[in-house]
Number of protein chains: 2
Amino acid sequence: MSSITIKEIAKALNVSISTVSKALNDSHEIGEKTKKRVLEYAEAHHYKPNLLAQNLKTGKSNTIGVILTSINNPFCSQIIEGIQQHALKVGFEVIFMQSRENPEIERSCIETLMQRGVDGLLISPVDETSNQKLLEDIHDHNFPVVIFDRIQHNLETFKIGVNNFQGAYLATKHLIDSGRTKIVNITASRFGLSGERFKGYHQALTDAGIAFDDQFHIQCNMQNQEVLDVELKNAITRLMSAENKPDAILGSSDTITVTLLGVLAELGYSVPDELAVIGFSNIDFARSLNPALSTIRQPALEIGDMAMEKLMKFIAKKNWHQVQIETTELDTILTFRKSSIQS
Amino acid sequence: MSSITIKEIAKALNVSISTVSKALNDSHEIGEKTKKRVLEYAEAHHYKPNLLAQNLKTGKSNTIGVILTSINNPFCSQIIEGIQQHALKVGFEVIFMQSRENPEIERSCIETLMQRGVDGLLISPVDETSNQKLLEDIHDHNFPVVIFDRIQHNLETFKIGVNNFQGAYLATKHLIDSGRTKIVNITASRFGLSGERFKGYHQALTDAGIAFDDQFHIQCNMQNQEVLDVELKNAITRLMSAENKPDAILGSSDTITVTLLGVLAELGYSVPDELAVIGFSNIDFARSLNPALSTIRQPALEIGDMAMEKLMKFIAKKNWHQVQIETTELDTILTFRKSSIQS
DNA sequence: TTGTAAGCGTTATCAA
DNA sequence: TTGATAACGCTTACAA
């Protein structure tokens, strides 16, 4: 690239490099007239400081790194949005990387970001212990790390996520309150968060005096859309042909719930009459589905915003190891639409 | 961060800094035993080169910048995936930024990325002329830019997108071939791409000897889900209560089409019996919608992959201004499902 | 085969 | 108020 450098400005104006540097940084050491000359010349020639050089020198980059497992879903997009909005406000830039649910890739993301000299890390870790030693190491070495979404990770730092237990509990309670008693919970087979959600579901049943039938906990392979489709179809067919037929379903993820709705339509089951459906989902068009989908929504924008806020708290302090850390579990937002309300 | 530097390695091993540097870069100038000592020490102490310093020195960062208008939709996620997969193969890293359909923000993204020393730029521009001068300027100054998706932009360089005209043409033809003649096209009111899609639709009508009724071109405000929902509801109600009722709809974007399906269900119109529906969409669960949605799909992964490939072509050449540029319009993928096939 | 030294574009210390 | 100069961590002629 061909942006002008301070050296060239110095030469053109017949002043020293350091004078230019100071002038550009609005140092009080520099006289007003000189400052003005420099600033005007810089402006006129579209001077842009070379960030690499600046960062190399100062050790600060005003950039943070964000690692998430995947950006391919509305929940993540919304978190990213929240992070970026906050970053914009505080004048930071953001580099996103995807770990693809793979600890190896996650490690390489972390290392890359460090090498690039980011000032801090926001991460939604692959699992409870992924790269724990590495993260502890860098966090201890004066490099701030904040965890979002997957807050069950063991690193001791700020963590921002959602009260999954409560979300699932309230959704299940809603189903029970609407007269459903035979409630199925469909979760992914791999992800840790489903655990809390399952617990909430389970507790709601218990509190209502409903015995949990372990046939009613379905764990799906989420590898891809086709596999999921087949698994759901099989599961529903099996459940609905058993003697103890369910009358409601709680979906533990966006993909599961939306796909489920399609499967039920295809199999000819009416929602909510035969089966009420509610699920964790952050899609924008939940109300446009057929039927309009009842959702447990995560305040994704706020998660991103708060994660960024906590990270900035670290970055701002000189010795931030004294900062009082805490885990924040935001409330989910339940919206009851047609799919779970008896018509 | 506290990664060790070559200076420290040099001191520890009692060799010079340049020896270490050369050894790490596997230079032939360095003896095997020395090389081995250095490599082992580096390995043992987790040496990681400081990329900022490396980049500052070499002027190459092995990083490319990607600017897209928004990452909040499946099409973009898939493009990103394609870019990242290719980047991984060629050992490059990727920084993503969002322009949010705003030329000002776009400009700042471009500048930021340049300052960060990326080796090239992949951009899906806000509109035909957004930041054209700036882009031309940097592209001319030996900094490669490749355009993807929004290929109607005026910059002269490689462009990779989709044949929107053809996609819309074939989809419309499909509707006509299935016996529909009164076909509505719903487009967004703002985006340039809708233009080509409308033209394809229009041409298909013409070729089939069907007169275009301009009541049948609906332009929607896509500002947010609620607004769109209302606009669609009004449009459908109006259309279906007119004397010349439509019998099919072509949706020109993901959001429009999926939302439309919900609206039709809510208003009680049966798809495809009363209204056939087909639309541009890259959602994974099109087949899980109710009814399964016929789609014109863009090969997003391939777009990302090819865009990256073209950019690498530039980056690889010393004097790449001789490279023969071209615009690639990939074919869309039409999948006919229940929503457009008379049962 | 190894080392010296200059330089990438900045900032920062210390003299002038 | 300004200017040499060293330094950040690395690469690379060029010398030894």
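In what follows, chains carry the letters A, B, and so on, assigned in the order in which the sequence lines appear, proteins first and then strands, with residues in each chain numbered from 1.
Residue T5(B) is in sugar-phosphate contact alone, with no base atom involved, counting any heavy-atom pair closer than 4.0 Å across all strands shown.
Judged purely by distance below 3.5 Å, without hydrogens or angles, the side chains of N282(B) and Q298(B) never pair a donor atom with an acceptor atom.
Between the D305(B) side chain and the L301(B) main chain, no donor and acceptor come within less than 3.5 Å of each other.
The aromatic rings of F314(B) and H139(B) sit perpendicular, their planes meeting at an angle over 60°, well past the 30° parallel limit.
Nucleotide dA13(D) holds its P atom 18 Å from the CD1 atom of I17(B), rounded to whole Å. One atom, CZ of R116(B), and another, P of dG9(C), lie 17 Å apart when rounded to the nearest Å. E29(B) has its CD atom 13 Å from the P atom of dT11(D), to the nearest Å. The separation between N14(A) atom CG and dG3(D) atom C1' is 13 Å, rounded to whole Å. The nearest whole Å value for the distance from the CG atom in L51(B) to the P atom in dG9(C) is 18 Å. As rounded to whole Å, 9 Å separates atom C1' of dC8(C) from atom CG of L56(A). Atom CG of N50(A) is separated from atom P of dG7(C) by 18 Å (rounded to the nearest Å). We find that NZ of K33(A) is positioned 8 Å from C1' of dT1(D), with the value rounded to whole Å.
Where S16(A) and A53(A) each meet DNA chain D at their nearest nucleotide, the meeting point lying more 5' is that of S16(A).
Side-chain N/O atoms of S18(A) include none lying less than 4.0 angstrom from OP1 or OP2 on dG3(D). In this structure, K7(A) reaches the dC8(C) phosphate: one of its side-chain N or O atoms is under 4.0 Å from OP1 or OP2. Side-chain N/O atoms of T34(A) include one lying less than 4.0 angstrom from OP1 or OP2 on dT2(D). OP1 or OP2 of dT11(C) lies within a sub-4.0 Å distance of a side-chain N or O belonging to N25(A). For dC10(D), neither phosphate oxygen OP1 nor OP2 lies less than 4.0 angstrom from any side-chain nitrogen or oxygen of N55(B). Between Y47(A) and dT10(C), a side-chain N or O to OP1/OP2 separation shorter than 4.0 Å is present. OP1 or OP2 of dG9(C) has not a single side-chain nitrogen or oxygen of Q54(A) nearer than 4.0 Å.
With hydrogens and angles ignored, no donor-acceptor pair closer than 3.5 Å exists between the side chain of K57(A) and the base of dG9(C). Between the base of dG3(D) and the side chain of K22(A) there is a donor-acceptor pair shorter than 3.5 Å.
Atom CD of E104(A) has 12 or fewer heavy atoms from other residues, nucleotides or ligands within 6.0 Å. Within 6.0 Å of the CD atom in E156(A), the count of heavy atoms belonging to other residues, nucleotides or ligands does not exceed 12.
Closest to the T19(A) side chain, of the nucleotides dG3(D), dT11(D), dC8(C), is dG3(D). Here the side chain of T58(A) is nearest to one of dC8(C), dC10(D), dT11(C), namely dT11(C).
Ring-centre distance between H45(B) and Y41(B): below the 6.0 Å cut-off.
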